[in-house]
Amino acid sequence: MKVRIGIGSLPTESGRAAVGPGFDELVDALEERDVDSLWLPDLISTDAVDALVGLAYAAGRTRTLKIGTGVLVLPGRNPVLVASQLASLAALAPKRILPAFGVRPARGRERQLYPVPDGQRAAVFEEALVVVRRLLDEPRVTHHGTFFHLDDASVGPRPPGRLDLWLGGRAPVGLDRIGRLADGWLGSFVTPDEAADCRRRIERAAAAAGREIEEDHYGTNLAVVPPEATEEQVAAALAGSLDRRPDMDPEQLVVRGWEQARKRIGQYVDAGLSKFVVRPATPVASWRGFLDQFVEELQVLEN
């Protein structure tokens, strides 16, 4: 398996790397340091750059950096427009666009921004994903489903080759969906043992559907507490992970320092994962400092 380690958006104490002058400098620095990929969250009500706009900006500014969404909320968006945007991006930056989708926003207050019929979010997600997949693969699409109706629809320009669509999530129904419909899994807030179980469930669902997920199409996010973080920042990071996984000891989900990060990545690799998105668990005083540490400590783990 090819181990690849990308980096998520870098929140700083000043917020400068989120958008504006800091974002273009971050993109340039990633390209200069030969970092594998940059992953942008779908967070509308923050100062972070819009995921798809940022993806397009970063792709146009670089030549080798891969750019992904981690993760883009699909229900509540028009899947034809999403497919059109991805097709254009993939045509402009071949083999560098990494779309990953999710069912709902991470922040509860943003759920009103992605309206779907009550109780139908998962069903809308599945049908929207099918529509996106078909539009990217087929020159003309006629689709009459529960939520979307298309007659002889198409998007362009046609992307070169197949554009893989990854999904997030860890619920059993979501893992089964990946096996049936998607091309890869990008997890978050899972332990290595849980990640191994998730991979096995996806593989079983894929086999039942007569499909196969490529062996190196399994990955996860990894939150790293930088060495300079204060105790208050560490406490806030642990509390944040507890909000997402109240059933888990947060110390199992957030790693402290680079040595522990290397060890955890090794455990994930043993569990069958090979793609990683590293994010600071706390705001960093300098995103350049965090990036330099990332390159020195983690880039050597790629193969």
Side-chain angles (χ1 to χ4, degrees), residues 1-6 8 36-42 51-52 55 59 66-75 77 79-80 82-91 93-103 122 124-139 141 143 155 158-188 190 195-221 268-269 271-277:
M1 297 188 298
K2 292 183 179 180
V3 173
R4 294 291 182 266
I5 308 175
D36 176 75
S37 52
L38 169 65
W39 296 78
L40 301 176
D42 190 8
L52 286 174
L55 194 155
K66 296 191 285 289
I67 313 98
T69 59
V71 293
L72 192 74
V73 180
L74 186 54
R77 282 186 162 95
V80 179
V82 172
S84 177
Q85 291 166 328
L86 292 177
S88 293
L89 287 165
K95 299 182 180 180
R96 295 200 292 130
I97 304 303
L98 308 173
F101 295 112
V103 176
V124 172
F125 180 66
E126 288 209 12
E127 189 174 334
L129 184 66
V130 169
V131 170
V132 171
R133 175 80 279 161
R134 290 191 63 194
L135 286 166
L136 290 172
D137 288 351
E138 303 173 25
V141 172
H143 172 94
V155 299
R158 304 295 303 160
R162 179 180 171 86
L163 184 62
D164 289 334
L165 305 180
W166 290 42
L167 303 185
R170 63 178 180 273
V173 66
L175 299 173
D176 292 344
R177 181 186 298 122
I178 294 167
R180 290 187 290 107
L181 299 175
D183 302 300
W185 174 59
L186 182 65
S188 61
V190 291
D197 290 340
C198 289
R199 172 167 179 155
R200 286 191 287 268
R201 180 154 190 142
I202 292 169
E203 289 174 332
R204 289 195 299 270
R211 304 179 68 242
E212 185 176 352
I213 307 294
E214 293 186 35
E215 69 165 358
D216 63 351
H217 278 41
Y218 297 86
T220 190
N221 288 271
Y268 280 126
V269 171
L273 275 59
S274 62
K275 301 297 184 285
F276 303 96
V277 179

Output yes when a side-chain donor or acceptor of R199 lies under 3.5 Å from a complementary backbone atom of E215, and no otherwise.
yes
Any ion pair linking R162 and D183 (charged N to carboxylate O, less than 4.0 Å)?
yes
Where the side chain of T220 meets the backbone of G187, is there a donor-acceptor pair that is under 3.5 Å apart?
yes
Do the side chain of S88 and the main chain of S84 share a donor and acceptor less than 3.5 angstrom apart?
yes
So does D137 pair up with R134, basic N to acidic O under 4.0 Å?
no
Measure across G168 and I178 and return the closest heavy-atom pair with its distance rounded to 0.1 Å.
O-CD1, 4.1 Å
Which heavy atom of P75 sits nearest to which heavy atom of G102, and what is that distance?
CD-O, 3.5 Å
Among D42, V82, L186, V71, find the one that has a side chain to side chain contact (heavy atoms under 4.5 Å, CB included) with F101.
V82
Between S188 and R170, which heavy-atom pair has the shortest distance, and what is it?
O-NH1, 3.8 Å
Would you say the side-chain atoms of R201 pair up with the backbone N or O of G179, donor to acceptor, closer than 3.5 Å?
no
I'd like to know if the side chain of R180 reaches the main chain of A209, judged simply by a donor and an acceptor atom lying under 3.5 Å from each other, with no hydrogens or angles considered.
no
So does E138 have more than 12 non-hydrogen atoms from other groups sitting under 6.0 Å from CD?
yes
Nearest heavy-atom approach of L129 to L74 is N-CD2, 3.7 Å
Donor-acceptor contact present, side-chain W185 to main-chain G169, <3.5 Å:
yes
Under a 3.5 Å distance rule, please check whether K275 uses its side chain to pair with a backbone N or O of H217 as donor and acceptor.
no
So does A207 get a backbone contact from the side chain of R211, meaning a donor-acceptor N/O pair under 3.5 Å?
no
With the threshold set at 4.0 Å, does a side-chain nitrogen-carboxylate oxygen contact exist between D164 and K95?
no
The test is side-chain contact (heavy atoms from CB on, under 4.5 Å); show your working for V269 and V3 and say whether it passes.
CA-CA 8 Å; V269 171; V3 173; 4.1 Å; yes
Which distance, rounded to the nearest 0.5 Å, do you find between the CG of L181 and the CG of D176?
10.5 Å
